[in-house]
There are 2 protein chains.
Amino acid sequence: MPEGTPTIKDVAERAGVSVTTVTNVLYGRGSRFSEQTRERVLQAVEELGYRPNQIARSLVRRRSNTLGVVVEHFRGALMGNPYYSTLLDGILAEAVQSGYQLKIIALERPDPEHARLSAEDGSIDGAILAAPLYQSPLLQWVESCNIPRVVAGSSPQDLRAACVDVDDEGSVYAAVKWLIDLGHRRIAFIAGPTNYWSARQRERGYLRALHDAGITPTPHWIRRGDYSTLSGRQAMELLLQVRPAFSAVVSCNDWMALGALETLRRKGLLVPEDISVLGFDDVEAAAVASPPLTTIRQPVREIGITTARLLIQQIESGKPSTEHVIFPGELVQRDSVMPCSPEPPDRIKPRQRIRPRRRRC
Amino acid sequence: MPEGTPTIKDVAERAGVSVTTVTNVLYGRGSRFSEQTRERVLQAVEELGYRPNQIARSLVRRRSNTLGVVVEHFRGALMGNPYYSTLLDGILAEAVQSGYQLKIIALERPDPEHARLSAEDGSIDGAILAAPLYQSPLLQWVESCNIPRVVAGSSPQDLRAACVDVDDEGSVYAAVKWLIDLGHRRIAFIAGPTNYWSARQRERGYLRALHDAGITPTPHWIRRGDYSTLSGRQAMELLLQVRPAFSAVVSCNDWMALGALETLRRKGLLVPEDISVLGFDDVEAAAVASPPLTTIRQPVREIGITTARLLIQQIESGKPSTEHVIFPGELVQRDSVMPCSPEPPDRIKPRQRIRPRRRRC
DNA sequence: CTGAAAGCGCTTACAG
DNA sequence: CTGAAAGCGCTTACAG
C-alpha cells in the first residue's frame, strides 16, 4: 500500500469510535453496535475511501483466502500447453466461486526446498501441484507438506496425498480395444516423452490392450515423439516404412496425431480409408483438422474444478485428505477412424475420397 | 500458517540471540554479526525448519513482491482463449525472472469498486488489467488506481495509463493492402463481436484499406461472427450467396477463418485457388489447417513480457507511467492466399488441386 | 452497545 | 557486533 492510504485507525477517528467498533460494523458482528454508529462508520469509510488491508488481516487471521498453484519446469508451461490453461481455468472458476483468490507459484527448478519456501510462507491456505513430471522431486515435497494440498494431473498411484487425474491407461486401453473390435490387428503407436506420467500410462494402456487381445507388438510398431506436431510427422514417416503396413495408428496426444495426419496427406494416403488415426486430449485443433480427428477427451476443466474443491474442503474442514479422484476419458468419435478395410493398404493408390458419417463435432 | 509453525522468535531463542540478529543474518545485513553467531542462527533455522512468514514481512515492508493480473468477465476467460494463457505466460516469465510472484484476480463483474477492493488491498504491488472489453468500466478504475498498473491488450488510444498492445488496425490495413496488391478487389470481411476492442480496430483497418484503394465496400461484404469457428462457418455460407463472388475473405480471427475454410471445403471450393482466406492471431491450429492458414500473428507472449516489465519498472522506480507500447502484427504467409485469379470464380467446378509453394511453417 | 489492550510475525531505526 | 522497543494494520478475547 502506498504511503498515506487510510487505515482502520483513520476511519475510527473520523467516525469518533474505536477501531474495534469499525471492525464490528465492517464484518457485521451481530448487533454489537447501534444503527447510528453503523452509519457514522460507513460514512467515514466512504469519505476516506478506506479499503481493508488484507495483508494485515491475513496475518492475524492466519488465513489468506488464497489458493496456490505451483508449477514446475516453467519454460513455456502454460503456453503451448492448453492443458495448463484449461486446468487453471477450472481451478480459478471453483476458487472464485468459493471466495478464494489464486496465486501462481512458478518454480524455476523442481526443488522441494524452494517449493517449501514459496508455498509454506503464509501467503496461501493450500497448494495445488499442477501436473508434475515423472518422478518429480516436488512429489516428495507434496507428501511432506505442512499445508493442505492436492496434486492435479498425472501422479503415482501410491501417492500419499490427494490427487485428481484422468484414467490415462484405462482410456487408451478401452480405445485400442475398440479399434481391435473394429477389425484392426496391426496398430502402431506414437509414444510420448518418457518424462511425462501421462505418456507412460497411455503407452501401458496400449500395450496391455494388445496383449489382452493376443497381439504381440514389436518395437517397430512404436515410435517415440516429444508431443510436438513435428515429432508426430517424423514418427509417421518412419512408421510408414514398416512392412506389412498398419491399418491404424494411435498417438499419445493430438498434436502428434495432427502431425501424422500431415505426413499421410503428403504421402497421398487417405484417412481413415487407408489408415485410421486416433489421438488423445481433444485439443481445439482436433475438431477442425481434416479429417476431424477421433480422439480421447480428458475432462481437464473438471479436473481443475475438482482439484480446487478438494483443496478447499481440506482447508475449511482442517482435515488432510489423501483421496484419489480418477476421471474416465471420453472417446470422441469424429472422422479419422473406420473399421479395418479387408483390402491391405500396402500399395498406395489415389482414389476417390469417401466421406465418412460425422458422428459428433 | 498452521499452529505451531516456528517463528523468528523460536529461532532467536534456540540460537540464543535476539530476533534482530536473526533478521540480520537471514537477509545478510553486511557484517552486523560474527561468523559464529551466523552459524548458530543458520543451524537453528535448519533444526526448526523455519521459513519466514511473508505475510508478516509484507505488512511491515509494505511490499508483497507480487504482481496482480486482473481479468474481467471471467466465464471461460482463459480456456477457449489462448490469448489469455499466452499473455499470462509472458507475464509469468518476466515476473519470475524479476523475483515477483503472480496473483490472479478474477472479477465476476467488471465493477470498478470490486476491482479496487481486490487489487488495492496490499496483496499486490502493481496490477495488470488483461484485455478489457470495449468500454469496460474497469478502464475507469485503472485510470484512478492508486497502485502502479498497466493495461495489456486492446485499450483506447487516449487511455491515461500505461498499456501494451498490438497494432490491430495497422496490421489489418497492411494485410488488406497486400491482398489488393495481389490483384484482389472484392474482399469480404468476417467481423468480430463489437464488445471487443480488437474486433473493432481490425474492422477499421479493413475499411480504411479498401477506402484508400478507392474500393467502396457494401454492407453485404461484411458478416459479423462471435469469434467462434461455428460463426465463421455460418458467415461464410452467407458470404457465398453474394454475387458477384469474392476472391478473398479476411477474417477477424483465426477460429472464424478456420470455420470459413470448412464451409468452403464442404461447398467444393478450393482455397486459395477459388478464394483466398486470411486470418488473424496465428493460433496453433492455423498452422495445421488444410491448407495451412495465412494469418497475422500478434506477439502475445512479448506483449505479456513487456507489460510485466513496464509494471515492475513503475513499482521499483516509484514513478507512474502512461507509456503506450504498440507492437506491429506480423504477416505469416502460409498456403491460404494467392494472387487473384483472372478467371472469375462464380461458377463452382471441381478441379485438380494445385499445391501452392509453402513459404513458412 | 462500546473500547482498551494484547498480539499476529516480522523489520527497522536507534542506542549501546 | 548486538538487542530492546516501536510499529506495520488489522482482529479478538475481555471487561465494562
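Each chain gets a letter, A, B and so on, in the order the sequences are listed, and its residues count up from 1. This structure is a prediction, so every number in the text was calculated from the model and none was measured.
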Between [atom2] of [N] and [atom1] of [X], the distance in whole Å:
X	N	atom1	atom2	answer
A/Leu59	D/dT12	CG	C1'	13 Å
B/Arg62	C/dT12	CZ	P	12 Å
B/Arg51	C/dG9	CZ	P	13 Å
A/Asn24	D/dC14	CG	C1'	13 Å
A/Arg61	C/dG9	CZ	P	15 Å
B/Leu26	D/dT2	CG	P	15 Å
A/Glu13	C/dG3	CD	P	13 Å
A/Ile55	C/dT11	CD1	C1'	15 Å

**Q.** Intermediate values then yes/no, side-chain contact (heavy atoms from CB on, under 4.5 Å), B/Leu107 and B/Ser118
**A.** CA-CA 9 Å; B/Leu107 267 24; B/Ser118 309; 4.3 Å; yes
Can you identify which nucleotide, out of [options], has its nearest atom closest to the [X] side chain?
X	options	value
B/Asn53	C/dT11, C/dG3, C/dC10	C/dC10
B/Thr23	C/dT12, D/dC10, C/dG9	C/dT12
A/Arg57	D/dT11, C/dC10, D/dG9	D/dT11
A/Thr21	C/dT2, C/dG9, D/dC10	C/dT2

(Q) Taking ring pair (Phe, Tyr, Trp, His ring centres under 6.0 Å) as the definition, give me every residue that meets it alongside A/Tyr134, ordered by chain and number, with sequence neighbours left out. (A) A/Trp197
Q.
Which residues pass the ring pair (Phe, Tyr, Trp, His ring centres under 6.0 Å) test with A/Tyr50, not counting sequence neighbours?
A. none
Q.
Should the side chain of A/Thr20 and the base of D/dT12 be counted as holding a donor-acceptor pair, with the cut-off at 3.5 Å?
A. yes
Q. Tell me, what's DNA chain D's dot-bracket, Watson-Crick or G-U with both distances under 3.5 Å, | for other-strand, [ ] crossing?
A. |||.||||||||.|||
Qualifying residues under side-chain hydrogen bond (donor to acceptor under 3.5 Å, both in side chains), relative to [X], sequence neighbours excluded:
X	answer
B/Gln54	none
A/Ser64	A/Asp125
B/Ser198	B/Tyr227

Q.
By nearest heavy atom, map B/Val17 and B/Val60 onto DNA chain D; which one lands nearer the 5' end?
A. B/Val17
(Q) For A/Tyr50 and B/Gly16, find the nucleotide of DNA chain D closest to each by heavy atoms; which residue's nucleotide sits nearer the 5' end? (A) B/Gly16
Q: For A/Thr37, report the nucleic acid contact type (base, sugar-phosphate, nothing); a contact means any heavy atom under 4.0 Å.
A: sugar-phosphate
Q) What is the distance from atom CD1 of B/Ile105 to atom CG of B/Asp121, rounded to the nearest 0.5 Å? A) 6.5 Å
Q. Does a nitrogen or oxygen in the side chain of A/Thr7 sit under 4.0 Å from OP1 or OP2 of D/dG9?
A. no
